[in-house]
Peer 1: 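Mind having a look at this structure? Questions to follow.
Sequence lines set the chain letters: A, B, ... in the order given, protein chains first and strands last, and positions in each chain run from 1. This one's a predicted model, so the numbers in the text were calculated from it and none came from an experiment.
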Protein chains: 2
Amino acid sequence: MTTDGRLARMLHVLVHMGLLGGRETSERIALMLNTNPVVVRRTLGVLREHGIVESEGGRGGGWKLTRSLDQVTVLDVQRALTKGPALTAPVSRDHPTCPVERASNSVLEKAHAAAEAHLIAKYAVTTLAQIAKDAKHKASGTTQ
Amino acid sequence: MTTDGRLARMLHVLVHMGLLGGRETSERIALMLNTNPVVVRRTLGVLREHGIVESEGGRGGGWKLTRSLDQVTVLDVQRALTKGPALTAPVSRDHPTCPVERASNSVLEKAHAAAEAHLIAKYAVTTLAQIAKDAKHKASGTTQ
DNA sequence: GATAGCGTAACTATAATTGTTGCGGAAAGG
DNA sequence: CCTTTCCGCAACAATTATAGTTACGCTATC
Ligand code: FES
Ligand code: FES
């Protein structure tokens, strides 16, 4: 597959939307994401189902955040985009009854579960407002 | 893509090889992995490049571990199979100069780097001998 | 009613592992 | 030698999830 860049893209665009304040059309967002409006509608549509954004059709329509940047965490966005755990252990199912395969899978699953807990914890305490703040610092401060 | 099950598969088969002690042919290993010999050669070939197994052609040939199970860690196998970090942050490259995109990517990269460190640490202290031991306990003890 | 939006269906493109077939070469055994 | 049993490798199809694209319908505003 192509690498799943939806989370990164959504963070990017949500922060822009928050900073701009008003409504943004799929067309303008597509330019930000270097893609086309249909992809934007598809992905933002998932966020709408989770109450993070809302859309309005017709002239003057577009997309808008339902909460301010400091009330949306990275975890909120991640959870909306991905069902199930953020990190999945790559297990094998060649011989489900084999104790060795089960023990191997178990090791991988436990290690991934622990790693995922850390990842989720970090996502949970990072708000879009903080990303916006970082962006401003980078823009005015040292490049990179 | 199809989920990358190579690490799980290699752990499984390496433990079996260690427990059986002698040489195993690609044919027999393919049966363990519910696949065919070519896939086995392809994947074990990578491990051979990293000195974990060795192969011999001709009659009576096959694959053999170069070290005992307690001298191979999950990390050794993972490193052999994957170049670069075990966990990669799914970043976007739509507008590389945009500070917001950079800040978003940066958050994801840092979170993943921290999670990867934990994952790697767990891999590093887990030997194949421990997996073998777990498997024996599961086989004789309670199912699951 | 013309225009600017979103919503959605139906494709195609892309990328990485997996599965498969076929052939060549090497080692052992007779 | 010649057959059998191995690995090595090239080449190609299958799979699967996201991304990209085209097309059409619907709604709200002007
Ligand atoms: S996409 Fe234009 S600045 Fe982030
Ligand atoms: S594959 Fe036969 S027991 Fe693990």
Peer 1: Does B/Arg48 have a side-chain nitrogen or oxygen under 4.0 Å from the phosphate oxygens OP1 or OP2 of D/dG8?
Peer 2: yes
Peer 1: Who passes salt bridge (Lys or Arg N to Asp or Glu O under 4.0 Å) against B/Glu109, sequence neighbours left out?
Peer 2: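 If we apply the salt bridge (Lys or Arg N to Asp or Glu O under 4.0 Å) test to B/Glu109, skipping adjacent residues, there are no hits.
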Peer 1: How close do B/Val53 and B/Leu14 get, counting heavy atoms only, and between which atoms?
Peer 2: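 That closest heavy-atom pairing would be CG1-CD2, 3.6 Å.
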Peer 1: Who passes side chain to side chain donor-acceptor pair (under 3.5 Å) against A/Thr88, sequence neighbours left out?
Peer 2: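 Residues passing side chain to side chain donor-acceptor pair (under 3.5 Å) with A/Thr88: none at all.
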Peer 1: Using a 4.0 Å heavy-atom cut-off across all strands, classify A/Gly5 as base, sugar-phosphate, or nothing.
Peer 2: sugar-phosphate
Peer 1: For B/Glu56, check side chain to side chain donor-acceptor pair (under 3.5 Å) against everything at least two apart and list the hits.
Peer 2: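 Result, side chain to side chain donor-acceptor pair (under 3.5 Å) vs B/Glu56: B/Arg23.
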Peer 1: What heavy-atom pair brings B/Glu24 and B/Arg28 nearest, and what distance separates the two atoms?
Peer 2: OE1-NE, 2.6 Å
Peer 1: So which of residues 8-15 of chain A are in contact with DNA chain C, with a heavy-atom cut-off of under 4.0 Å?
Peer 2: none
Peer 1: What is the distance from CG of A/Asp4 to C1' of C/dT14, rounded to the nearest Å?
Peer 2: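 About 14 Å, once rounded to whole Å.
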Peer 1: Calculate the interatomic distance between A/Leu7 atom CG and D/dA17 atom C1'; express it in whole Å.
Peer 2: 16 Å
Peer 1: Among A/Leu128, A/Val72, A/Thr126, which residue meets the side chain to side chain contact (heavy atoms under 4.5 Å, CB included) test with A/Leu11?
Peer 2: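 Passing option: A/Leu128.
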Peer 1: At their closest point, which heavy atom of A/Ile131 faces which heavy atom of B/Ala103, and how far apart are they?
Peer 2: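 The pair with the smallest heavy-atom distance is O-CB, 3.6 Å.
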Peer 1: Can you pull out every ring pair (Phe, Tyr, Trp, His ring centres under 6.0 Å) where at least one residue sits in residues 13-47 of chain A? Sequence neighbours excluded, please.
Peer 2: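 The answer is A/His12-A/His16.
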Peer 1: With sequence neighbours left out, what residues match B/Arg79 under side chain to side chain donor-acceptor pair (under 3.5 Å)?
Peer 2: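 With sequence neighbours excluded, B/Arg79 shows a side chain to side chain donor-acceptor pair (under 3.5 Å) to no residue whatsoever.
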Peer 1: Applying side chain to side chain contact (heavy atoms under 4.5 Å, CB included), run through A/Asp76 and A/His50 and close with a yes or a no.
Peer 2: CA-CA 9 Å; A/Asp76 294 330; A/His50 289 253; over 6 Å; no
Peer 1: Show every ring pair (Phe, Tyr, Trp, His ring centres under 6.0 Å) that has at least one partner inside residues 79-130 of chain B, sequence neighbours left out.
Peer 2: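 Residue pairs passing ring pair (Phe, Tyr, Trp, His ring centres under 6.0 Å), neighbours aside: A/His118-B/His118.
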Peer 1: Applying salt bridge (Lys or Arg N to Asp or Glu O under 4.0 Å), can you list everything that pairs with A/Lys110, at least two apart in sequence or on another chain?
Peer 2: none
Peer 1: Which ones in residues 52-65 of chain B lie close to DNA chain C, meaning a heavy atom under 4.0 Å from one of its atoms?
Peer 2: B/Gly57, B/Gly58, B/Arg59
Peer 1: Give the table of side-chain donor-acceptor pairs shorter than 3.5 Å for residues 31-43 of chain B, with sequence neighbours excluded, one pair per line with atom names and distance.
Peer 2:
from	atom 1	to	atom 2	distance (Å)
B/Asn36	OD1	B/Val38	N	3.0
B/Arg41	NE	B/Ser26	OG	3.4
B/Thr43	OG1	B/Val39	O	3.0

Peer 1: Mind listing the residues from residues 82-101 of chain B sitting with a heavy atom below 4.0 Å of DNA chain C? Number order is fine.
Peer 2: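 Hits under 4.0 Å, by residue number: none.
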Peer 1: Near DNA chain C, counting only heavy atoms under 4.0 Å, which residues of residues 19-44 of chain A show up?
Peer 2: A/Thr25, A/Ser26, A/Val38, A/Arg41, A/Arg42
